[in-house]
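Below is one structure; the comments refer to it alone.
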Amino acid sequence: MIGPLDPFGRSINYLRISVTDRCNLRCIYCMPPEGVPQMSHSEILSYEEIRTVVQAAAELGINKIRLTGGEPLVRAELPKLIKMLSRIEGIQELSMTTNGTLLKNNTLALRQAGLSRVNVSLDTLKPDRFRYITRLGRLKDVLEGISAAKEAGFDPVKINTVVMRGINDDEILDFARMTYEEGCHVRFIETMPFKGVADFVPSTELRQHIGLLGKLDPCTSITGNGPAVYYRLAGAKGTIGFINPLTEPSFCSRCNRMRLTPDGRLRPCLLGEDEIDLKTPLRNNASMEELKRLILKAIASKPEHHHLEAGNVRLVKRKMSQIGG
Ligand code: SAM
């Protein structure tokens with residue numbers, strides 16, 4: 001079953017759910033040092049409400065769900081939600097994006113609950129720099145989390161690296177070398193200028209640089225749900241992906257996703273301001289048919305492109321942590 005088509009013929013089969021706006025890190029490109037005003041518990045969707053949304057989405061043909069945040073693992077009893085979602089008919093893949101700091105002691109519970117895949121965000125392999133970029137975290141915790149995830153059987157574990165000029169662009173080869181290891185896939189993301197804090201590095205430049213290690217062959221054997229374009233270094237077990245929201249003209253043409261914010265709003269585009277409120281109808285006992293109608297309305301309002309080229313990204317009112325990156 002394919003997901004519903006948007007007005008530009010894209011099949012929308014993927015929903016990213018931000019389960020909390022809270023995060024235990026304050027990454028320089030994502031949040032101000034003091035954090036952002038937190039939503040109250042009553043503002044954010046309960047697990048039962050999230051389940052109802054996913055149920056409606058699944059009935060429409062959405063079959064892939066990713067949990068994100070904020071930091072999903074700071075929300076209490078996350079495995080409980082995973083178990084609830086994994087039982088919904090039609091959901092074929094249930095994955096999570098995490099900063100990895102709390103992963104180590106949770107991998108088994110997550111796996112047993114039905115989580116299929118984990119992506120870990122990691123922008124540096126240097127402890128001091130990690131503290132600088134995240135303002136609060138310890139690199140050791142993330143590396144142990146990645147190892148624990150692999151041991152628990154998550155495969156692949158993908159590492160997402162936001163590349164910032166002058167901050168971590170000297171570590172590209174170190175990250176690329178990690179793909180020689182079993183089951184390690186690295187994806188480089190162009191920094192989106194939410195806060196204008198760091199310059200992005202175009203992926204063409206990264207590809208050229210990684211070429212110092214060997215030839216990068218296009219790779220089609222790994223597909224994600226997302227917009228990454230994959231390559232493999234000769235002899236490497238893992239792949240190198242590039243996510244190019246800023247420099248790839250066709251980036252949005254492959255968009256297959258919608259986002260659900262912690263406070264229950266569906267966002268057709270990460271970088272647009274449009275949102276459709278699902279929380280109010282949910283709390284007014286809306287029927288499944290009504291929820292499905294609202295989800296289809298959001299899909300019908302997906303823009304053809306984001307507005308990054310227009311240089312007005314800074315007008316996006318929510319922070320990445322409040323949307324769910
Ligand atoms: N806390 C989780 C994590 O760190 O993966 C999930 C939420 S985080 C907002 C999701 C992803 O968005 C991370 O990979 C993060 O690096 C990325 N991200 C945040 N701000 C970004 C920006 N300005 N440009 C590009 N990626 C960004």
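Only heavy atoms go into these numbers, but all of them, side chains included; no hydrogens, no water, no symmetry mates. One is the number of the first residue; the rest follow in order along the sequence.
- Linking Ile, Leu, Val, Met, Phe, Trp and Tyr residues whenever their side-chain heavy atoms come within less than 4.5 Å leaves Val162 and Leu25 in two separate clusters.
- Looking at Lys64, its side chain never comes within 3.5 Å of a backbone N or O of Ser95 through a donor-acceptor pair.
- Atom CG of Asp128 is surrounded by 12 or fewer heavy atoms from other residues, nucleotides or ligands within 6.0 Å.
- Under 3.5 Å, the side chains of Tyr14 and Arg16 contain a donor-acceptor pair of N or O atoms.
- Under a 3.5 Å cut-off, the side chain of Ser11 and the backbone N or O of Gly3 do form a donor-acceptor pair.
- Remark: the Thr20 side chain and the Glu71 side chain contain no N/O donor-acceptor pair separated by less than 3.5 Å.
- A continuous path of ILVMFWY side-chain contacts below 4.5 Å connects Tyr180 to Leu122, so both sit in one hydrophobic cluster.
- For Glu43, the CD atom counts as densely surrounded, since its 6.0 Å shell holds more than 12 non-hydrogen atoms of other residues, nucleotides or ligands.
- Around atom CD of Glu34, more than 12 heavy atoms belonging to other residues, nucleotides or ligands sit under 6.0 Å away.
- Between the side chains of Glu275 and Thr261, no donor-acceptor pair is found at a separation under 3.5 Å.
- When all heavy atoms of Ile65 and Val54 are compared, the closest pair comes out as CD1-CG1, 3.9 Å.
- Considering Asn99, Ile159, Thr101 in turn, Thr101 is the only one that fulfils the side chain to side chain contact (heavy atoms under 4.5 Å, CB included) rule with Val142.
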Would you give me the side-chain donor-acceptor pairs under 3.5 Å for residues 106-114, sequence neighbours excluded?
residue, atom, partner, partner atom, Å
Asn106, ND2, Leu102, O, 2.6
Arg111, NE, Ala152, O, 3.0
Arg111, NH2, Gly153, O, 3.4

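- Lys279 has no carboxylate O lying under 4.0 Å from a charged side-chain N of Glu49, or vice versa, which leaves the two without a salt bridge.
- Judged by distance alone, with hydrogens and angles left aside, the side-chain atoms of Glu205 form no donor-acceptor pair with the main-chain N or O of Pro202 at under 3.5 Å.
- Phe251 has its side chain within reach of Ile243: a pair of non-hydrogen atoms, C-beta onward, lies under 4.5 Å apart.
- A donor-acceptor pair under 3.5 Å is formed between the side chain of Arg267 and the backbone N or O of Gly272.
- A donor-acceptor pair under 3.5 Å is formed between the side chain of Thr191 and the backbone N or O of Val163.
- With hydrogens and angles left out, the side-chain atoms of Ser203 and Asn244 include a donor and acceptor closer than 3.5 Å.
- For CZ of Phe8, the number of neighbouring non-hydrogen atoms (other residues, nucleotides, ligands) closer than 6.0 Å is greater than 12.
- Under the 4.0 Å criterion applied to side-chain N and carboxylate O atoms, Glu289 and Lys292 are assigned as salt-bridge partners.
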As a quick check of understanding, evaluate side chain to side chain donor-acceptor pair (under 3.5 Å) for Ser116 and Glu93, giving each step before the final call. CA-CA 6 Å; Ser116 22; Glu93 193 178 290; 5.5 Å; no
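- Between the side chain of Asp217 and the main chain of Ala234, no donor-acceptor pair closer than 3.5 Å is present.
- Within the 3.5 Å criterion, the main-chain N or O of Lys237 finds a donor-acceptor partner in the side chain of Arg232.
- In terms of modelled atom types and a separation under 3.5 Å, the side chain of Arg135 and the main chain of Arg26 share a donor-acceptor contact.
- The two residues Leu206 and Phe242 come nearest to each other via the heavy atoms CB-CE2, 3.8 Å.
- Across every non-hydrogen atom of Ala176 and Leu233, the tightest pair is O-CD1, 4.1 Å.
- Listed for the Asp21 side chain is no donor-acceptor partner under 3.5 Å among the backbone atoms of Gln38.
- Not a single donor-acceptor pair under 3.5 Å links the side chain of Asp6 to the backbone N or O of Lys302.
- Ser287 and Glu290 form no side-chain donor-acceptor contact under 3.5 Å, judged by distance and modelled atom types alone.
- Counting heavy atoms from C-beta outward, Met192 and Leu270 have side chains that approach closer than 4.5 Å.
- In this structure the side chain of His209 never reaches within 4.5 angstrom of the side chain of Asp169, judged on heavy atoms.
- A donor and an acceptor atom, one from each side chain of Arg66 and Thr97, are located under 3.5 Å apart.
- Ionic pairing of Asp174 and Arg177 is present here: one or more N-O contacts between side-chain nitrogen and carboxylate oxygen are shorter than 4.0 angstrom.
- Cluster annotation: Ile133 and Leu136 are assigned to distinct hydrophobic clusters (Ile/Leu/Val/Met/Phe/Trp/Tyr, side-chain heavy-atom contacts under 4.5 Å, transitive).
- Here the closest heavy-atom approach between residue Met96 and residue Leu103 is recorded as CE-CD1, 4.1 Å.
- Two different hydrophobic clusters hold Met288 and Leu278 under the rule that ILVMFWY side chains link at heavy-atom gaps under 4.5 Å.
- Contact of the Phe154 side chain with the Val120 side chain is not registered, since no non-hydrogen atoms from C-beta on lie closer than 4.5 Å.
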